[in-house]
There are 2 protein chains.
Amino acid sequence: MKRTRPLKRKPKRTEPKHREPEAVDPRSIDDDPVVQGILTAISQKRLKPGAKLGEDKLAAAFGTTRIHIRQALSHLASRKVVMQIPNRGAFVYRPSWEEAQDIFAARRIIETAAVSAAVDRLDKAGKAELKAHMEREARHDRNDRWASLSLTAEFHILVAKLAGNRVLLEMSRELMLRTSLAIATFEQPGEPDCSPDAHPDIGALILARDKAGAVHAMRHHIEEMEQRIRPKEGEDEVDELTAIFKEIGARARAGG
Amino acid sequence: MKRTRPLKRKPKRTEPKHREPEAVDPRSIDDDPVVQGILTAISQKRLKPGAKLGEDKLAAAFGTTRIHIRQALSHLASRKVVMQIPNRGAFVYRPSWEEAQDIFAARRIIETAAVSAAVDRLDKAGKAELKAHMEREARHDRNDRWASLSLTAEFHILVAKLAGNRVLLEMSRELMLRTSLAIATFEQPGEPDCSPDAHPDIGALILARDKAGAVHAMRHHIEEMEQRIRPKEGEDEVDELTAIFKEIGARARAGG
DNA sequence: GTTGGCTATATTGTAAACAGTCGTGCGGCC
DNA sequence: GGCCGCACGACTGTTTACAATATAGCCAAC
């Protein structure tokens with residue numbers, strides 16, 4: 001629209017006073033449906049590590065624009081859930097064997113601490129929430145693999161929530177996702193992610209305020225998960241190949 | 001360039017075979033100079049919490065385009081180092097008082113575990129690295145505030161590195177940054193971030209393989225830092241105001 | 001003097017077109 | 001028959017311009 005009267009303002013403009021951004025809507029990109037969709041697809045193992053995430057296809061699937069998809073993928077790449085390769089695109093992240101072990105080690109540290117804090121802080125509301133979850137997990141349909149995986153993850157998230165530390169909760173969420181990727185990459189076929197009876201035991205120990213017992217059970221549970229994964233044979237071949245080339249290079253340098 | 005001969009290919013194209021993205025240059029956005037610049041500016045407290053990060057100004061400062069800046073800011077927002085508000089722009093993140101406490105609690109958990117692992121895994125190379133850092137920290141110029149802050153952070157990062165867990169190392173890096181923001185937000189003026197003698201003590205205990213002592217010293221060191229910060233008075237006013245409005249609203253609902 | 005509305009500007013967000021890069025498959029060549 | 005070069009196509013990355021929104025200052029009204 002054109003202005004309807006002559007401009008009288010002088011262009012002299014004082015530097016805008018820095019106004020603090022207090023009390024603003026804190027809705028973040030984590031609530032974005034694209035991000036949420038990809039995250040749940042990964043945690044339910046519908047997207048396997050290494051899967052290509054083409055921008056056009058995602059845009060069509062979610063009914064949005066490529067720019068939006070790019071933002072979501074960048075965010076997921078920052079959280080190491082997808083891997084972006086220049087000029088090739090985005091792929092579901094595939095952790096290395098060492099990284100998978102590090103993830104489990106980090107979970108051992110953080111989740112045992114979370115259990116300990118959860119026992120300390122347990123109150124009525126927490127008890128109710130924990131009981132409600134345990135009931136849902138007890139009588140869910142074990143044939144529905146996707147629901148099982150969601151519930152399994154939710155138990156660990158709930159424990160982190162009961163610890164009352166939001167930073168720890170974020171970290172647990174991130175580690176849960178990366179655990180899904182680690183398991184999907186290195187699992188032996190046919191084995192479940194979590195032993196089915198571990199969660200009720202841990203929950204009961206928390207409800208009984210048995211701190212040492214709950215911590216021990218959680219550590220054992222995570223170690224059990226960790227022992228289910230094995231390094232891939234395929235990667236050894238690659239390493240062998242590079243070793244061969246390295247050896248050849250060294251010989252060439254040495255022998256002329 | 002135009003093609004110089006007639007096109008004979010049929011447009012029929014088999015779906016491209018999914019090629020795994022192995023062994024690709026893993027250079028990530030963390031190496032981006034814009035990201036690095038903002039991160040070091042924050043960790044050295046040249047950028048204060050709440051500072052506006054205008055896209056045009058950053059683009060001019062770094063000599064790059066606005067899109068590049070946008071990507072960097074999105075990444076930093078994913079890591080909770082900057083806060084992005086729709087249609088208002090990006091600001092240096094300002095943690096709440098509760099979040100600041102949670103950050104210190106998380107550091108207590110993660111860094112004590114890191115010290116423990118560092119003692120277990122300590123080898124010749126690690127000893128040398130630790131000694132080298134302690135020497136640098138001992139004879140640095142205490143008047144150079146920026147160098148001091150960098151060295152202080154590097155000590156904690158080095159301990160995490162010695163623990164040999166990359167996931168834990170990433171988390172420590174993130175927590176260090178968020179600690180900088182928490183301290184910058186809630187510090188009492190004039191006090192240093194770290195007590196100057198804590199690092200040599202912890203380092204010596206690690207070198208002596210005194211695991212319990214080193215863990216205890218690290219926990220004490222972090223608790224000491226935590227006790228240096230105090231909630232801001234200004235925020236209480238805001239809370240009081242919102243409390244008043246809440247009370248008024250409740251009374252209106254109750255009394256009609 | 002203070003308050004409310006209005007307009008212009010600055011700044012962010014979005015869309016579309018363009019350019020660059022990489023995988024892929026064919027054709028020729030040894 | 002196997003290998004190498006070449007060109008095409010699909011995709012990502014970047015530039016550009018445009019649209020939307022919030023901010024700041026001014027004028028009028030009370």
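The figures that follow rest on heavy atoms only: side chains count, while hydrogens, waters and symmetry mates do not. Nothing here was measured: the structure is a model prediction, and the numbers come from that model.
Listed by chain and number, the residues in a side chain to side chain donor-acceptor pair (under 3.5 Å) with B:R70 are B:E55 (sequence neighbours excluded). With sequence neighbours excluded, the residues satisfying side chain to side chain donor-acceptor pair (under 3.5 Å) with A:R108 are A:E226. Take B:R178 and apply the salt bridge (charged side-chain N to carboxylate O under 4.0 Å, His left out) test, not counting sequence neighbours, and it matches A:E170, B:E99, B:E174.
By the neighbour-count criterion of 12 heavy atoms within 6.0 Å, atom CZ of A:R79 is densely surrounded, having more than that number from other residues, nucleotides or ligands.
Between B:I85 atom CD1 and C:dG13 atom C1' the separation is 15 Å, expressed in whole Å. Protein atom CG of B:L53 is 17 Å distant from nucleotide atom C1' of C:dA10, rounded to whole Å. For the pair A:Q84 CD and C:dC22 P, the computed distance is 16 Å after rounding to whole Å. Between the NE2 atom of B:H68 and the P atom of C:dG13 there is a distance of 17 Å, given to the nearest Å. Regarding A:R70, its CZ atom lies at a distance of 8 Å from the P atom of D:dT12, rounded to whole Å. The interatomic distance linking B:I69 (CD1) with D:dT14 (C1') rounds to 15 Å, in whole Å.
Between its opening and closing five pairs, the helix from C:dG1-D:dC30 to C:dC30-D:dG1 changes axis direction by 10°, a value rounded to 10 degrees.
Using cut-offs of 30° and 60° on the angle between ring planes, the pair A:W97 and A:F186 is perpendicular.
With 3.5 Å as the limit, one finds a donor-acceptor pair spanning the side chains of A:S150 and A:Q44.
The side chain of A:Q71 lies closest to C:dT14 when the candidates are C:dT14, D:dT12, C:dG13. When distances are taken from the side chain of A:I67 to each of C:dA15, C:dT12, D:dT12, the shortest belongs to C:dA15. Closest to the side chain of A:E55, from the set C:dA15, D:dG13, C:dT12, is D:dG13.
For the atom pair CZ of A:R46 and OG1 of A:T40, the computed distance is 7.5 Å after rounding to the nearest 0.5 Å. With rounding to the nearest 0.5 Å, the separation of CD1 in A:I222 from CD1 in A:I110 is 9.5 Å.
The salt bridge (Lys or Arg N to Asp or Glu O under 4.0 Å) pairs that include a residue from residues 148-161 of chain B are B:R136-B:E154, where partners are two or more places apart or lie in different chains.
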Open item on the list: Each nucleotide in nucleotides 17-22 of chain D should get exactly one letter: B, S or -. Can you fill that in based on protein heavy atoms under 4.0 Å?
Closed with: ----SS
